[in-house]
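Structure first, then comments.
Just so you know, these numbers use all the heavy atoms, side chains as well, and skip hydrogens, waters and symmetry mates. Since we're looking at a predicted model, the values are computed, not measured.
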Amino acid sequence: MLQTNTNYLGVSENYLFSTIAQKIKAYVADHPDRDIIRLGIGDVTLPLAPAVISALQSAVDEQSHQETFRGYSPDLGYDFLRRTISEQDYMSRGCRIDPDEIFISDGAKCDIGNLQELFSENTDVAICDPVYPVYADSNLMAGRNINYMPCREEFGFLPDPAASGSDPCLIYLCFPNNPTGAAITKGELQLWVDHALKTGSVIIYDAAYEAYISDPSLPHSIYECKGAEACSIEVRSFSKNAGFTGLRLGFTVIPKELRINGTSLHDMWARRHSTKYNGAPYIIQRAGEAVYSPEGRKQTRSQIDYYMRNANLIMSTLKDAGYSVTGGLNAPYIWMKTPGTLSSWEFFDLLLEKAQVVGTPGSGFGACGEGYFRLTAFGEYEKTKEALSRIVNLI
């Protein structure tokens with residue numbers, strides 16, 4: 001008899017950001033004359049860097065000529081992009097990651113949601129709380145048991161390796177963190193690698209925001225830690241470091257050394273990729289390559305500095321106004337306590353209705369996010385200033 005996957009019944013009816021979009025849509029319908037400033041969803045606002053645009057235009061032109069036309073992309077990614085990533089993101093930092101250990105995709109979100117397919121249904125999962133919803137939702141859809149590791153302010157919003165338990169499990173980590181903006185030191189990250197090696201666990205490390213790290217002592221990759229190649233998968237995105245939210249490009253690193261009971265996760269992911277994915281478009285991968293050019297690095301660095309200027313403005317303004325605020329130093333997210341006894345969603349409604357400012361309720365990231373609120377630094381600078389003025393004047 002045909003049946004549905006009842007595991008979906010255990011997932012929230014709406015994705016967090018879909019719920020926010022619905023609330024905004026309803027408000028705008030009732031108040032069409034109001035100017036809404038959005039500091040909620042982490043979408044970028046600056047246009048693509050000139051070096052990226054130039055690469056896109058050149059690649060499109062190639063598609064108009066028989067001798068340079070490209071059809072299906074290699075399912076694992078073009079060699080030119082995999083080599084560039086290997087050399088500039090990993091080898092340059094002393095990480096032994098070869099080009100064929102890098103899998104090009106259409107974004108980190110898809111990879112994070114799909115990686116869980118490599119593990120059996122009875123695999124236990126350890127996830128931080130608060131957390132990016134996709135980690136939890138994709139595993140709930142697969143019917144797995146999830147152990148939520150509390151990340152509290154008194155501990156710098158960092159989880160304790162002991163909280164994941166002593167049995168083998170799938171561990172999700174994200175640093176710099178979304179939503180709290182917390183960063184992790186190399187020593188603290190090494191503790192997680194040691195724990196995974198000791199327990200036979202696998203870490204899925206989301207490094208989507210590594211480009212925003214300003215502290216030179218902080219690790220940009222988990223592979224900077226000793227032994228990480230044997231227990232870790234790393235996921236990255238071009239969305240936040242280069243503004244590819246509309247282009248869609250990312251990659252996942254699975255070292256050949258990573259095995260579970262003798263089975264290569266690298267080979268499993270390659271097999272899944274070739275079965276379920278047709279490869280990121282050629283023109284988008286050429287644009288990704290341009291991000292690593294001297295001009296591309298300079299231009300995207302300028303964009304990151306622009307967003308971090310917003311982050312510093314949000315941090316300083318809210319602190320001066322008496323709010324308790326963290327994050328915003330090595331990440332584009334600011335994590336603030338809601339004022340008084342207001343819940344996360346009550347504060348969301350208050351800001352939307354009285355100040356026409358949109359943020360993200362902390363409870364949408366998990367139980368430990370209740371009483372907190374996330375603001376992003378991806379808005380336009382002048383609008384960010386205006387939003388802060390409205391928030392400060394409101395409370």
Side-chain angles (χ1 to χ4, degrees), residues 73-120 123 125-127 132 134-135 138-139 142 144 168-175 189-190 192-197 199-208 210 219-238 249-280 285 288:
S73 299
D75 49 13
L76 307 185
Y78 279 102
D79 287 341
F80 64 76
L81 182 56
R82 299 171 86 187
R83 285 196 306 269
T84 299
I85 292 171
S86 171
E87 293 168 0
Q88 298 203 33
D89 279 338
Y90 293 102
M91 297 299 187
S92 66
R93 294 187 177 278
C95 303
R96 297 181 295 105
I97 299 299
D98 293 327
D100 62 355
E101 295 175 310
I102 297 166
F103 299 83
I104 307 301
S105 71
D106 58 358
K109 182 179 179 180
C110 293
D111 284 355
I112 288 169
N114 293 329
L115 280 165
Q116 51 81 24
E117 292 183 17
L118 301 185
F119 304 89
S120 66
T123 298
V125 179
I127 294 177
Y132 181 46
V134 174
Y135 308 156
S138 59
N139 280 284
R144 294 193 180 89
C169 64
L170 186 59
I171 302 169
Y172 287 78
L173 298 176
C174 174
F175 294 103
L189 187 55
Q190 184 68 57
W192 278 101
V193 171
D194 294 343
H195 174 78
L197 292 170
T199 60
S201 299
V202 171
I203 297 171
I204 295 182
Y205 191 73
D206 184 351
E210 61 81 28
H220 287 249
S221 168
I222 196 168
Y223 301 118
E224 295 178 45
C225 295
K226 184 178 180 180
E229 294 86 356
C231 66
S232 306
I233 296 171
E234 182 164 291
V235 182
R236 292 200 191 183
S237 170
F238 285 77
L249 187 66
F251 62 89
T252 288
V253 178
I254 306 185
K256 299 187 191 73
E257 190 176 337
L258 179 54
R259 293 177 174 270
I260 301 296
N261 297 323
T263 301
S264 168
L265 294 186
H266 174 277
D267 293 348
M268 288 179 66
W269 187 243
R271 186 67 178 88
R272 185 204 177 277
H273 235 47
S274 62
T275 300
K276 294 189 175 185
Y277 187 57
N278 269 338
Q285 293 194 52

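- The side-chain heavy atoms of Pro255 and Ile97, taken from C-beta on, include a pair separated by under 4.5 Å.
- Looking at heavy atoms from C-beta onward, Phe119 lies in side-chain contact with Arg144 at the 4.5 angstrom threshold.
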Step-by-step side chain to side chain contact (heavy atoms under 4.5 Å, CB included) determination, Cys231 to Val193
CA-CA 7 Å; Cys231 66; Val193 171; 3.8 Å; yes
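- Here Thr84 pairs with nothing under the side-chain hydrogen bond (donor to acceptor under 3.5 Å, both in side chains) rule; sequence neighbours left out.
- The distance from the CD1 atom of Ile204 to the CG atom of Leu118 is 8.0 Å, given to the nearest 0.5 Å.
- For Arg259, the side-chain hydrogen bond (donor to acceptor under 3.5 Å, both in side chains) test picks out no residue, with sequence neighbours left out.
- In this structure, Ile233 and Thr252 have side chains that are in contact, with non-hydrogen atoms separated by less than 4.5 Å.
- For Thr275, the side chain to side chain contact (heavy atoms under 4.5 Å, CB included) partners two or more places apart in sequence, or in a different chain, are Arg271.
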What's the verdict on side chain to side chain contact (heavy atoms under 4.5 Å, CB included) for Asn114 and Trp269, showing C-alpha distance, side-chain angles and the deciding distance?
CA-CA 10 Å; Asn114 293 329; Trp269 187 243; 3.8 Å; yes
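- Between Ile254 and His266 the shortest heavy-atom distance is O-CD2, 3.0 Å.
- Every residue meeting the side-chain hydrogen bond (donor to acceptor under 3.5 Å, both in side chains) condition with Asp100, not counting sequence neighbours, appears here in chain and number order: Lys256.
- Under the ring pair (Phe, Tyr, Trp, His ring centres under 6.0 Å) criterion, Tyr223 pairs with no residue, sequence neighbours left out.
- Every residue meeting the ring pair (Phe, Tyr, Trp, His ring centres under 6.0 Å) condition with Tyr135, not counting sequence neighbours, appears here in chain and number order: Tyr132, Tyr172.
- Heavy-atom minimum distance, Ser105 versus Asp111: OG-OD2, 2.8 Å.
- Nearest heavy atom pair, residue His273 against residue Ile104, reads NE2-O, 3.1 Å.
- Distance CG/Asn139 to CD1/Ile112: 11.5 Å, rounded to 0.5 Å.
- Taking the ring pair (Phe, Tyr, Trp, His ring centres under 6.0 Å) definition, one finds that His220 meets it with nothing, sequence neighbours left out.
- Between Leu189 and Tyr205 there is a side-chain heavy-atom pair separated by less than 4.5 Å.
- The shortest distance between side-chain heavy atoms of Leu81 and Ile102 does not fall below 4.5 Å.
- Nearest heavy atoms, Ile222 versus Ser232: CD1-OG, 3.4 Å.
- Here the closest non-hydrogen pair linking Ala280 and Leu249 is CB-CD1, 3.9 Å.
- From Ser73, atom OG reaches atom CD of Gln285 across 5.0 Å, with rounding to the nearest 0.5 Å.
- For the pair Leu115 and Leu170, the minimum side-chain heavy-atom distance is 4.5 Å or more.
- With sequence neighbours excluded, the residues forming a side chain to side chain contact (heavy atoms under 4.5 Å, CB included) with Asp106 are Cys110, Arg248, Tyr277, listed by chain and number.
- Listed by first and then second residue, the salt bridge (charged side-chain N to carboxylate O under 4.0 Å, His left out) pairs involving residues 81-92 are Asp89-Arg236 (not counting sequence neighbours).
- Residues forming a salt bridge (Lys or Arg N to Asp or Glu O under 4.0 Å) with Arg93 (at least two apart in sequence, or on another chain): none.
- Residues passing the side chain to side chain contact (heavy atoms under 4.5 Å, CB included) test with Ser201, sequence neighbours excluded: Cys169, Ile171, Ala196, Thr199.
- Counting only heavy atoms from C-beta outward, the side chains of Glu101 and Glu229 never approach each other to under 4.5 Å.
- Residues forming a side-chain hydrogen bond (donor to acceptor under 3.5 Å, both in side chains) with Ser221 (at least two apart in sequence, or on another chain): Glu234.
- Residues Asp98 and Met91 form a side-chain contact, since some pair of their non-hydrogen atoms from C-beta on lies under 4.5 Å apart.
- Nearest heavy atoms, Pro168 versus Gly200: CB-O, 3.7 Å.
- Going from atom CD of Glu117 over to atom OG of Ser138 covers 9.5 Å, rounded to the nearest 0.5 Å.
- Ring geometry for Phe80 against Tyr78 counts as parallel: the plane angle stays under 30°, on a 0 to 90° scale with 60° as the upper cut.
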